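Since the structure is predicted, the reported quantities are computational estimates derived from the model, not experimental observations.
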Amino acid sequence: MEAALTILALLLVAFVALGVYATVKAVGAAKRGVDRTITQARRTVEDTTLRAKSFGQVGVAGELAQLRLSLRTSMRATQDALHAGVAEDASLAESVDLFRRLSAHGLELDDELKRLEREPDRATVAGLLPKLRERTQRITHSAESLRWAARDRARQFADDDLDALNAQIDIEAGALRHWAVDEPSSQTSGAGASATAPGQGPGTEWPEPAASADPSVGSSTADEAWSGPAREESPQAITAPDPRLRTTYPWQKSTRPETTN
């Protein structure tokens, strides 16, 4: 009884622990989903604001907004391309690591540009713009190099796969049309088969007739072997019975010899 209670208690504890674990995982997944949604919404709002500033403002503020917008757009496009490609091509893992290191420089530059947007000294900010523009171009150029290299690699693999598929389809199509090439040879073989008697195809060996002491028996056996079905026997001539061999009975009259006068 105590063993049964112990087993039931352990099962209850296991079910409770499993329920707590599942609840924690579900809450964590929901929290990550909410955080991801909030981050995407914040990013969309910030990109829209930067786009509006780059078109609506002139001078230092508009220049800073344009640099941030180009940097963020290039980095996000490269990130999406590499993450999508690494799922199918494991060799892009090193490219992802390089992009992660490049992203650290990009985030640092984005934070610096964001701080300079709130800087009241526009003259100092205007003096820093050439260096900021150069850094932005270097980072975006590196990001675009990784992105286009990954896309070219994927395109090359797709082209190679398409070439191999086209070659296989050509071979299959040729095999399906092989009847058109074999039609003359099949007609020739059909004509030869019609000219050959049934059962006498190439490679067929007929048995030799059995040896017999009587030549007539051997010739008839050979004729039957080559001519197929046995021929009907020819009708025999009717021979008149010999009177001398006829059996006489007592009631029969004897024949009188003929006399010559």
Return the [atom1] to [atom2] distance between [X] and [Y], rounded to the nearest 0.5 Å.
| X | Y | atom1 | atom2 | result |
| --- | --- | --- | --- | --- |
| Leu71 | Arg76 | CG | CZ | 10.0 Å |
| Arg122 | Leu116 | CZ | CG | 9.0 Å |
| Arg115 | Glu119 | CZ | CD | 10.5 Å |
| Ile7 | Leu12 | CD1 | CG | 13.5 Å |
| Ser95 | Arg153 | OG | CZ | 8.0 Å |
| Leu82 | Glu94 | CG | CD | 12.0 Å |

Residues forming a side chain to side chain donor-acceptor pair (under 3.5 Å) with [X], sequence neighbours excluded:
| X | answer |
| --- | --- |
| Glu144 | none |
| Arg138 | none |
| Asp121 | Thr124 |

Quiz item: Going by atom types only, do Asp152 and Gln156 share a side-chain donor-acceptor pair under 3.5 Å?
Solution: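 No donor-acceptor contact under 3.5 Å links the two side chains.
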Quiz item: Hey, are Thr136 and Arg68 close enough side-chain-wise for a donor-acceptor pair under 3.5 Å?
Solution: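 Side chains of Arg68 and Thr136: no pair found under 3.5 Å.
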Report yes or no: does [X] contribute a side-chain atom to a donor-acceptor pair with the main-chain N or O of [Y] at less than 3.5 Å?
| X | Y | result |
| --- | --- | --- |
| Thr73 | Ser70 | no |
| Thr78 | Arg147 | no |
| Asn166 | Leu162 | yes |

Self-check item: Working for salt bridge (charged side-chain N to carboxylate O under 4.0 Å, His left out), residues Asp97 and Arg100
Solution: CA-CA 5 Å; Asp97 293 337; Arg100 189 176 295 110; 2.8 Å; yes
Which pair of non-hydrogen atoms, one from [X] and one from [Y], has the smallest distance, and what is that distance?
| X | Y | value |
| --- | --- | --- |
| Leu102 | Ile139 | CD2-O, 3.9 Å |
| Ala93 | Val86 | N-CG2, 3.9 Å |
| Ser74 | Thr140 | OG-O, 3.6 Å |

Exercise. Could you list the residues that satisfy side chain to side chain contact (heavy atoms under 4.5 Å, CB included) with Ser145, not counting sequence neighbours?
Key: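 Scan of Ser145 (side chain to side chain contact (heavy atoms under 4.5 Å, CB included), adjacent residues dropped) gives His141.
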Self-check item: Residues that Thr23 engages under side chain to side chain contact (heavy atoms under 4.5 Å, CB included), provided they are two or more places apart
Solution: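 Side chain to side chain contact (heavy atoms under 4.5 Å, CB included) check on Thr23 returns Val27.
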Treat each ILVMFWY residue as a node, draw an edge where side-chain heavy atoms are under 4.5 Å apart, and state whether [X] and [Y] are in one component.
| X | Y | value |
| --- | --- | --- |
| Leu109 | Leu129 | yes |
| Leu18 | Leu10 | no |
| Leu132 | Val125 | yes |

Practice problem: Tell me, with the steps shown, if Leu146 and Val96 meet side-chain contact (heavy atoms from CB on, under 4.5 Å). | Solution: CA-CA 9 Å; Leu146 287 175; Val96 173; over 6 Å; no
Quiz item: With a 4.5 Å limit on heavy-atom distance, are the side chains of Met75 and Asp110 in contact?
Solution: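 No - every pair of side-chain heavy atoms lies 4.5 Å or more apart.
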Practice problem: Taking salt bridge (charged side-chain N to carboxylate O under 4.0 Å, His left out) as the test, write out the residues that go with Glu112, two or more places apart. | Solution: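 Counting only residues at least two positions away or on another chain, Glu112 forms a salt bridge (charged side-chain N to carboxylate O under 4.0 Å, His left out) with Arg135.
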Practice problem: Apply side-chain contact (heavy atoms from CB on, under 4.5 Å) to the pair Leu92 and Asp89, showing each step before the final yes or no. | Solution: CA-CA 6 Å; Leu92 293 178; Asp89 188 2; 4.2 Å; yes
